[in-house]
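Worksheet: the structure to be examined is printed underneath.
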Amino acid sequence: LHDALPICIGLLVDEKNAVVWRGPMASSAIRQFVTDVFWDELDYLVIDMPPGTGDIHLTLLQLVPVTGVIVVTTPQDVALADAKKGIAMFGQAQLKVPVIGLVENMSYFTPAELPENKYYIFGREGGKRLADEYEIPFLGQIPLVQGIREGGDAGVPIMVSDDAVTRKAFNDFAGNAARSIAMINANMRAERVVEVVG
């Protein structure tokens, strides 16, 4: 993602003001972002959605051909319950959007002074168990480290920091996601060929 450029409603609104929208207004903003921004030629368009199963998600699915979704969870049971709802929503027959995989955020805490130590504050491998249960690819574990927050606040992605362990976690996740997307695209092309021949 060397040339990644974010498009975000937060960049268009004064930071002291809240964005208070009902479903139709949020859906309209999504529609405007997708149709009015000049995207040029893209390798990937990643849309970071809020958790849930509502209007915004359905609007997006109606607007663009979605290759698939990545479900993000944290290891604890309450987060896994929400992740299950997302997986169920996208798997419904009328939507049938492939799940690219599942990534577990805040998997463990690693203090800067003890980079080899892992403290499983929110539980251990809940995301991995959920991925296995639903037979979807497990894309990786992202640690809870101070550098991610500091980099976000400073506008410097963790990927350009000196934190090799966290960089590797993100690289592994991105590589696994890219491979899963390539497999989904290959399967879609194969299905199209079968449809044309038949």
Side-chain angles (χ1 to χ4, degrees), residues 1 6-10 19-37 39 42-107 122-142 172-198:
L1 298 176
I7 302 295
C8 177
I9 192 65
V19 179
V20 182
W21 284 344
R22 292 189 181 276
M25 295 169 72
S27 295
S28 178
I30 291 288
R31 183 175 289 105
Q32 190 169 2
F33 279 167
V34 170
T35 59
D36 292 357
V37 172
W39 293 106
L42 301 172
D43 293 323
Y44 298 97
L45 175 60
V46 178
I47 301 175
D48 182 12
M49 303 295 289
T53 55
D55 289 348
I56 297 173
H57 306 80
L58 295 174
T59 298
L60 184 67
L61 295 176
Q62 292 170 337
L63 283 176
V64 293
V66 176
T67 300
V69 298
I70 294 176
V71 176
V72 181
T73 189
T74 52
Q76 72 266 40
D77 289 344
V78 69
L80 295 171
D82 286 341
K84 287 179 183 179
K85 291 174 188 170
I87 294 168
M89 172 188 173
F90 292 111
Q92 288 181 0
Q94 64 267 37
L95 299 181
K96 207 60 181 163
V97 177
V99 176
I100 294 165
L102 184 141
V103 62
E104 186 183 81
N105 198 13
M106 299 191 290
S107 298
F122 298 109
R124 190 168 187 161
E125 297 191 343
K128 175 81 170 78
R129 287 193 308 274
L130 183 62
D132 290 345
E133 178 185 340
Y134 281 86
E135 298 179 346
I136 58 177
F138 184 64
L139 303 176
Q141 294 179 312
I142 305 300
D172 290 349
F173 160 58
N176 290 334
R179 279 187 288 281
S180 190
I181 291 167
M183 289 170 53
I184 288 170
N185 285 336
N187 288 339
M188 286 180 178
R189 281 192 294 273
E191 287 171 7
R192 286 191 194 114
V193 168
V194 170
E195 286 173 9
V196 171
V197 172

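Values below: all heavy atoms of this structure, side chains included; hydrogens, waters and symmetry mates excluded. Everything quoted here is computed from the prediction, not taken from an experiment.
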Greater than 12 external heavy atoms within 6.0 Å of [X]'s [atom1]:
X      : atom1 : result
Asp48  : CG    : no
Glu135 : CD    : no
Gln32  : CD    : no
Met49  : CE    : yes

What are the two closest heavy atoms between [X] and [Y], and how far apart are they?
X      : Y      : value
Ser180 : Pro137 : OG-CG, 3.8 Å
Glu104 : Lys128 : OE2-N, 4.1 Å
Val34  : Trp39  : O-NE1, 3.2 Å
Leu130 : Ala83  : CD2-CB, 3.7 Å
Phe122 : Met106 : CD1-O, 3.6 Å
Thr74  : Gln76  : OG1-OE1, 2.7 Å

Straight-line distance of Asn185 CG to Thr67 OG1, nearest 0.5 Å: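 Between atom CG of Asn185 and atom OG1 of Thr67 there are 5.0 Å.
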
Rounded distance [0.5 Å steps], CZ in Phe90 versus CD1 in Ile100: 10.5 Å

Any side-chain heavy-atom pair from [X] and [Y] closer than 4.5 angstrom?
X      : Y      : value
Gln141 : Asp172 : no
Val69  : Ile87  : no
Tyr44  : Ile181 : yes

Donor-acceptor contact below 3.5 Å, side chain Arg129 vs main chain Pro75: no

With Val71, the side chain to side chain contact (heavy atoms under 4.5 Å, CB included) member among Asp82, Val103, Leu139, Leu102: Leu102

Side chain to side chain contact (heavy atoms under 4.5 Å, CB included) between Leu58 and Met89, intermediate numbers included: CA-CA 10 Å; Leu58 295 174; Met89 172 188 173; 3.6 Å; yes

